[in-house]
Amino acid sequence: MAGSTILLVEDEKNLRKLIRTYLEREMINVVEAADGKEALELWEEEKYDLVILDVMLPEYDGWTVCKRIRQNSHIPIIMLTARSEEDDKLFGFDLGVDDYVTKPFSVKELIARVKALLKRSNHQLMIEVIEVGELKVDKKMHQAFLHDEPLDLTPKEYDLLLVFLHNQNQALTREIILDRVWGYDYYGDLRTVDTHVKRLRKKLKHMGKQIVTVRGLGYRFEVTN
Ligand code: CA
């Protein structure tokens with residue numbers, strides 16, 4: 001996954017440098033943060049492909065940073081935990097942590113997991129045709145079909161459908177949806193999301209009910225296999 005950029009948040013300088021060296025050998029770009037506050041500042045500044053996040057950090061701890069990142073992003077996150085923090089893992093999975101590496105770890109193993117996660121998220125973007133039941137989206141054609149009939153979707157409705165299809169069975173907050181479909185720079189009303197979901201549901205006919213409202217949070221595209 002050469003060319004990817006990783007935000008590496010770790011307060012132990014030597015460990016940070018070591019991880020950086022290994023990542024750079026894989027041609028991965030690394031942006032370093034030494035505490036939680038710096039991490040969140042750097043997070044706002046650039047687009048990353050993955051975050052490596054230590055739990056015990058000065059300023060804000062790793063959980064706080066993770067929570068803040070998850071408010072508007074589904075970026076892969078690997079947490080670095082100490083053995084004594086094992087119990088916190090369940091909590092972390094609720095926050096949407098993708099993977100854990102327990103200290104002390106071999107940097108090689110960490111790099112292997114980084115590569116696996118980057119590959120997975122890249123793969124998701126590369127797939128060109130997504131099918132769920134009678135619903136099909138051809139990304140090359142930029143066209144959605146229901147029972148092989150083309151659906152007449154606006155560009156935003158199409159983007160919204162893609163966000164749901166890329167995040168099947170995951171609860172998505174309105175903020176995340178707004179960010180994914182309308183972008184970081186859009187300061188619109190969260191109700192914009194509701195309006196578009198309503199229209200998309202209608203156009204998807206019987207499949208529209210697979211977009212489930214998650215009360216107090218947002219929406220989830222439900223798929224049972
Ligand atoms: Ca630490």
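Just so it is clear, the values below take in all heavy atoms, side chains as well, and ignore hydrogens, waters and symmetry mates. Both ligands and their constituent atoms are indexed starting at 1 by order of listing. Numbers here are sequence positions counted from 1.
At most 12 non-hydrogen atoms from other residues, nucleotides or ligands lie less than 6.0 angstrom from CE of Met56.
Tally of protein N, O or S atoms closer to the Ca ion (ligand 1) than 3.0 Å: 3.
Once rounded to the nearest 0.5 Å, the distance linking CG of Leu23 with CD of Glu26 reads 8.0 Å.
Connectivity analysis of hydrophobic side chains (ILVMFWY, heavy atoms under 4.5 Å, direct or indirect) links Val212 to nothing; its cluster partners are none.
Side-chain contact check for Thr213 and Arg201: at least one donor-acceptor pair (N or O, by modelled atom type) lies under 3.5 Å.
For residues 133-165, the pairs satisfying ring-ring contact (aromatic ring centres under 6.0 Å, His included) are His142-Tyr158, His147-His206, with sequence neighbours left out.
Remark: Thr64 pairs with Asp61 by the side-chain hydrogen bond (donor to acceptor under 3.5 Å, both in side chains) rule, at least two apart or across chains.
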